[in-house]
Amino acid sequence: MIELKGIHKAFGKNQVLKGVDIKIEKGDVVVIIGPSGSGKTTLLRCLNFLEKADDGELTIGETHVDLKHSSKQDILKVRRQTAMVFQSYNLFNNKTAIGNVMEGLVTGRKVPKKEAEEISKKVLDKVGLSDKYDFYPCHLSGGQQQRVGIARALALNPEVILFDEPTSALDPELVGDVLGVMKKVAEEGITMIVVTHEMSFAYDIASKVIFMEGGVIVEQGTPKDIFTNAKEERTKKFLKRIVPEWSYTI
Ligand SMILES: Nc1ncnc2c1ncn2[C@@H]1O[C@H](COP(=O)(O)OP(=O)(O)OP(=O)(O)O)[C@@H](O)[C@H]1O
Ligand SMILES: [Mg+2]
């Protein structure tokens, strides 16, 4: 179980997160949607301490952290249980696909090289890259690079994988492959928090959809609740803009 309570974060005078509460059960796929600047990325980054929240509480499995007074130990514990997939892949360009996946295991987790190699091959096979172990990022398509990013997250066997717009840098014809891999990961029961504008993916896969605006959660519910029966005007307005062809449903 993952729980966020009262998450606050400001950059200078810009109060970006104004008290966010989210509860996630094991195996849930939570999709976060919302306009640019609403704080979606900041929320994910606070969740794995890429950014330090000003206030709030975070529970991941057995780990409970008061974010205002977090220790180095807390940060390490949380980071061990989370992995992030970035919009821009964030791969090491001087490492091969397998090198990228092994890095976190060998350097971060101190897994022996041989074992790390075996784990890395397994996860690369899972994302459909069994023939690309030794390819450098520059010789992989965007979709393949992002699948390396997902393999790297899977290799760490985290409690939750955080995806920040994983397909928005991709050419449209490559989006499907990455979403397909994410669907497969979801079906394995891995807990996922996904920021995305891919509404049909959200509709199919999400256990819960959260609409954020202005640093707060405006509304949350099942995909059906949110996409066909949104209660808040702000949610309806956003959805009409993002998926005009759905406007008949709201
Ligand atoms: N490191 C930072 N320093 C200062 N301001 C920041 C920083 N990161 C984010 N912000 C500000 O926080 C606000 C929320 O940004 P955030 O990236 O979380 O939004 P978002 O919902 O992910 O938007 P998008 O959909 O465009 O990715 C914005 O006003 C942004 O300018
Ligand atoms: Mg963002």
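Each residue takes its place number in the sequence, starting with 1.
Side chains of His64 and Leu58 form no contact here, defined as non-hydrogen atoms less than 4.5 Å apart. Within the 4.5 Å cutoff, the side chain of Thr59 has no heavy atoms near those of the Leu4 side chain. Asn157 places none of its side-chain heavy atoms less than 4.5 Å from the side chain of Ile119. Using a 4.5 Å cut-off on side-chain heavy atoms (C-beta onward), Ile32 and Val194 make no contact. Counting only heavy atoms from C-beta outward, the side chains of Phe163 and Ile150 approach each other to under 4.5 Å. Contact check for Val127 versus Leu154: side-chain heavy atoms found under the 4.5 Å cut-off. You'll find the side chain of Val148 stays beyond 4.5 Å of the side chain of Pro137, heavy atoms only. No side-chain heavy atom of Thr222 sits under 4.5 Å from any side-chain heavy atom of Lys208.
Nearest heavy-atom pair, Pro35 versus Phe238, reported as atom, atom and distance to 0.1 Å: N-CE1, 3.5 Å. When all heavy atoms are compared, the tightest approach of Ala116 to Val111 is N-CG1, 3.7 Å. Here the closest non-hydrogen pair linking Leu140 and Ala97 is CD1-CB, 4.5 Å. Scanning all heavy atoms of the two residues, the minimum distance from Val65 to Ser70 falls at CG1-CB, 3.7 Å. Nearest heavy-atom pair across Ile205 and Ala186 is CG2-CB, 3.8 Å. Among all heavy-atom pairs drawn from Ala83 and Leu156, the shortest one is CB-CD1, 4.2 Å.
For the atom pair CD1 (Ile98) and CG (Leu129), the distance works out to 11.0 Å, reported to the nearest 0.5 Å. The line from OG1 of Thr235 to CZ of Phe211 is 5.0 Å long, rounded to the nearest 0.5 Å. Atoms CD and CG, from Gln146 and Leu174 in turn, are 11.0 Å apart once rounded to the nearest 0.5 Å. In this structure, CG in Leu67 is found 5.0 Å from CZ in Phe49, a value given to the nearest 0.5 Å. One distance of note links SG of Cys138 with CG of Asn93; it measures 7.0 Å at 0.5 Å rounding. Atoms CE and CG, on Met212 and Leu17 in that order, are 5.0 Å from each other to the nearest 0.5 Å.
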- request: Check the pair Thr196, Glu165 against side chain to side chain contact (heavy atoms under 4.5 Å, CB included), reporting the backbone distance first and the verdict last.
  value: CA-CA 5 Å; Thr196 185; Glu165 300 202 28; 5.8 Å; no
message: For Met102 and Lys95: C-alpha separation, side-chain torsions, deciding distance, then whether side chain to side chain contact (heavy atoms under 4.5 Å, CB included) applies.
response: CA-CA 10 Å; Met102 285 174 67; Lys95 286 188 190 295; over 6 Å; no
task: Starting from the C-alpha separation in whole Å, work towards a yes-or-no answer on salt bridge (Lys or Arg N to Asp or Glu O under 4.0 Å) for Arg234 and Glu219.
output: CA-CA 9 Å; Arg234 283 191 283 172; Glu219 189 167 359; over 6 Å; no
- request: Tell me, with the steps shown, if Lys68 and Glu57 meet salt bridge (Lys or Arg N to Asp or Glu O under 4.0 Å).
  value: CA-CA 8 Å; Lys68 202 172 181 177; Glu57 289 171 52; over 6 Å; no
message: Determine whether Gln81 and Thr63 satisfy the following criterion, side-chain hydrogen bond (donor to acceptor under 3.5 Å, both in side chains), listing intermediate values before the conclusion.
response: CA-CA 9 Å; Gln81 296 180 79; Thr63 310; 2.7 Å; yes
- prompt: Run the side-chain hydrogen bond (donor to acceptor under 3.5 Å, both in side chains) check on Thr41 and Asp164 step by step: do they pass?
  reply: CA-CA 7 Å; Thr41 296; Asp164 190 9; 2.8 Å; yes
message: side chain to side chain contact (heavy atoms under 4.5 Å, CB included), that's the test. Do Leu44 and Ile193 meet it? Break it down for me.
response: CA-CA 8 Å; Leu44 290 190; Ile193 305 179; 3.7 Å; yes
field: Stepwise salt bridge (Lys or Arg N to Asp or Glu O under 4.0 Å) test for Lys121 and Glu117
entry: CA-CA 6 Å; Lys121 283 182 177 167; Glu117 201 177 318; 3.6 Å; yes
field: From CA spacing to verdict: side chain to side chain contact (heavy atoms under 4.5 Å, CB included), Glu159, Lys26
entry: CA-CA 8 Å; Glu159 195 71 29; Lys26 206 173 170 60; 3.1 Å; yes
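At least one donor-acceptor pair closer than 3.5 Å links the side chain of Thr191 to the backbone N or O of Gly27. Put simply, the side chain of Asp54 gets close to the backbone of Ala10: a donor and an acceptor are under 3.5 Å apart. Here the side chain of Lys184 pairs a donor or acceptor atom with the backbone of Lys126 at under 3.5 angstrom. Remark: side-chain polar atoms of Thr107 are not paired, donor with acceptor, to backbone N or O of Gly104 under 3.5 angstrom. At distances below 3.5 Å, at least one donor-acceptor pair connects side-chain atoms of Asp21 with backbone N or O atoms of Gly6. No donor-acceptor distance shorter than 3.5 angstrom exists from the side chain of Gln87 to the backbone of Pro166, with no hydrogens or angles considered. Side chain of Arg152 to main chain of Ser120: no donor-acceptor pair is present (N/O by atom type, distance under 3.5 Å, no hydrogens or angles). Between the side chain of Arg147 and the backbone N or O of Val178, no donor-acceptor pair lies under 3.5 Å.
The closest side-chain donor-acceptor pair between Asn100 and Tyr89, if any, does not fall under 3.5 angstrom.
One hydrophobic cluster, built from ILVMFWY side chains closer than 4.5 Å, cannot hold both Val20 and Val209; they sit in different ones. In the hydrophobic clustering of this structure, Phe86 groups with Val160; members are Ile, Leu, Val, Met, Phe, Trp, Tyr whose side-chain heavy atoms approach within less than 4.5 Å, directly or through other members. Phe135 and Leu124 fall within a single hydrophobic cluster, where Ile, Leu, Val, Met, Phe, Trp and Tyr are joined by side-chain heavy atoms under 4.5 Å apart, directly or via other members. Val30 and Phe201 fall into different hydrophobic clusters, where Ile, Leu, Val, Met, Phe, Trp and Tyr are joined by side-chain heavy atoms under 4.5 Å apart, directly or via other members. Ile75 is connected to Ile2 through a chain of hydrophobic side-chain contacts under 4.5 Å among Ile, Leu, Val, Met, Phe, Trp and Tyr, so both are in one cluster.
The number of heavy atoms from other shown groups lying within 6.0 Å of CD (Glu188) is above 12. Within a 6.0 Å radius of NZ in Lys122, no more than 12 heavy atoms belonging to other residues, nucleotides or ligands are found.
In terms of the salt bridge (Lys or Arg N to Asp or Glu O under 4.0 Å) criterion, Lys40 has no residue partners (sequence neighbours excluded).
Both tests pass for Lys9 against the ring of Phe11: distance under 6.0 Å to the centre and angle within 45° of the axis.
Taking the charged nitrogens against the carboxylate oxygens, Lys77 and Glu62 have no contact shorter than 4.0 Å, which rules out a salt bridge.
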